[in-house]
Structure formats: C-alpha cells, structure tokens
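Some notes on the structure that comes next.
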Amino acid sequence: MSRIIKKAWSLFGGLMPFYYRRILKMDIGNHVIIARTAILDKNVNPRGIHIGDNTWVLRGATILAHDHCRSANSNRGLFNTFIGKNCVIGINSIILPGMSVGEHCVVAAGAVVTKNTPPHTIVAGNPARVIRTGVIVNDNGQIIEKGERVDV
C-alpha cells in the first residue's frame, strides 16, 4: 500500500507545478512539490510568483502576488513574490505579496510572512519572526543542519 501512495504522490505532486508553469506561466523551478490544496495567486498576477528548485509548498499554504489595498505603491497593486530554492512552506502558512523568502528557509505551519526572510532560517509566528539561523534543507525538504536558536 505504501508504494501505491508514494507513486500517486509523485504523479499528482508533479501535476500542480506543470499546471502552474505551462498554463499560468508562473516561474516554478525544477522538482518543486505543490500540494493540491495550496493556494497560489492565480487570478490577478500569476506571473508574479517565483519559486526556486526543490521547494515544497504544503497543504493550505497561500502565496500572494497582488494587493489592491496597497495599489498606490506599485503598478496596480501587483507585486513579485520570491521563494528561494530548497525551501519548505508549511501547512496553512501565508506569504504576503512582494515578500522574498531566502534559500534553505523553512516557514513554519501557520506563519504569516510580512517581511523578507533571510536565507538559511526558520521563521514562525504571526507576524513571522526568525527563530533559527544557519539552517540547511536538503532536496527532499528535510532539515539536515538545525542551526542555532535565536532568542526572541
């Protein structure tokens, strides 16, 4: 049973990035896994989302690329949202428009990213704050170097 689930996950996990790349013209890197229930801003500015190689976007995560409330600060409220390579975007987390998540970052479950995130960090909370630095994430979305805890 486990082999069937793994094959299904690899098949369906590859369909979402294909759809986002080919149909919506998003900048999605290689070997990206996007959960079926993840929400990427596809209505107003789908080309404003950029996701690096080997990144995992988990269930219920929301990545936005437009904000009509801040339209005076940009071109009709459109923003570019960047996520680096080897990142994990946690369950039900939110990345607001115009934010940049550095390489080898982990956005914890339920976090709301309101500021740019430096590379090699773990961020958590609402608003998201750095809780660990020096983190290294491998190609499979697993933390291989925990780094050092940051006193908050």
Closer than 3.5 angstrom, by distance alone: can the side chain of [X] be matched with the main-chain N or O of [Y] as a donor-acceptor pair?
X	Y	answer
N138	N140	yes
K25	R22	yes
N92	A61	no
T81	I63	no
H104	P119	no

According to a 4.5 Å side-chain heavy-atom criterion applied to Ile, Leu, Val, Met, Phe, Trp and Tyr, with indirect links allowed, do [X] and [Y] form part of one hydrophobic cluster?
X	Y	value
I23	V32	yes
I51	L24	yes
V112	V57	yes
Y19	I83	yes

Exercise: identify the closest heavy-atom pair between [X] and [Y]:
X	Y	value
I49	A65	CG1-CB, 3.8 Å
W56	D139	NE1-O, 3.8 Å
P46	M26	O-CG, 2.9 Å
V135	R132	CG2-CB, 4.0 Å
C105	P118	SG-O, 3.0 Å
R21	N30	NH2-CA, 4.2 Å

Measuring from [X]:[atom1] to [Y]:[atom2], what's the distance to the nearest 0.5 Å?
X	Y	atom1	atom2	value
N86	Q142	CG	CD	11.5 Å
I94	N126	CD1	CG	7.5 Å
Y20	D27	OH	CG	14.5 Å
T62	I95	OG1	CD1	9.5 Å

Over 12 foreign heavy atoms within 6.0 Å of NZ, K146: no

Heavy-atom neighbours of H31 NE2 exceed 12 at 6.0 Å: no

Trace of the side chain to side chain contact (heavy atoms under 4.5 Å, CB included) decision for H50 with N80: CA-CA 7 Å; H50 309 274; N80 285 326; 3.6 Å; yes

T121, V123, V137 screened by side chain to side chain contact (heavy atoms under 4.5 Å, CB included) with V106, the one that passes: V137

With L58, the side chain to side chain contact (heavy atoms under 4.5 Å, CB included) member among V107, I89, V88: V88

Chi angles and distances behind the side chain to side chain contact (heavy atoms under 4.5 Å, CB included) call for I122, I143: CA-CA 10 Å; I122 297 176; I143 298 172; 4.0 Å; yes

Side-chain contact, heavy-atom cut-off 4.5 Å: [X] with [Y]?
X	Y	answer
C87	V101	yes
I136	H120	yes
M99	V113	yes

Distance-only donor-acceptor check, side chains D41 and H66, under 3.5 Å: yes

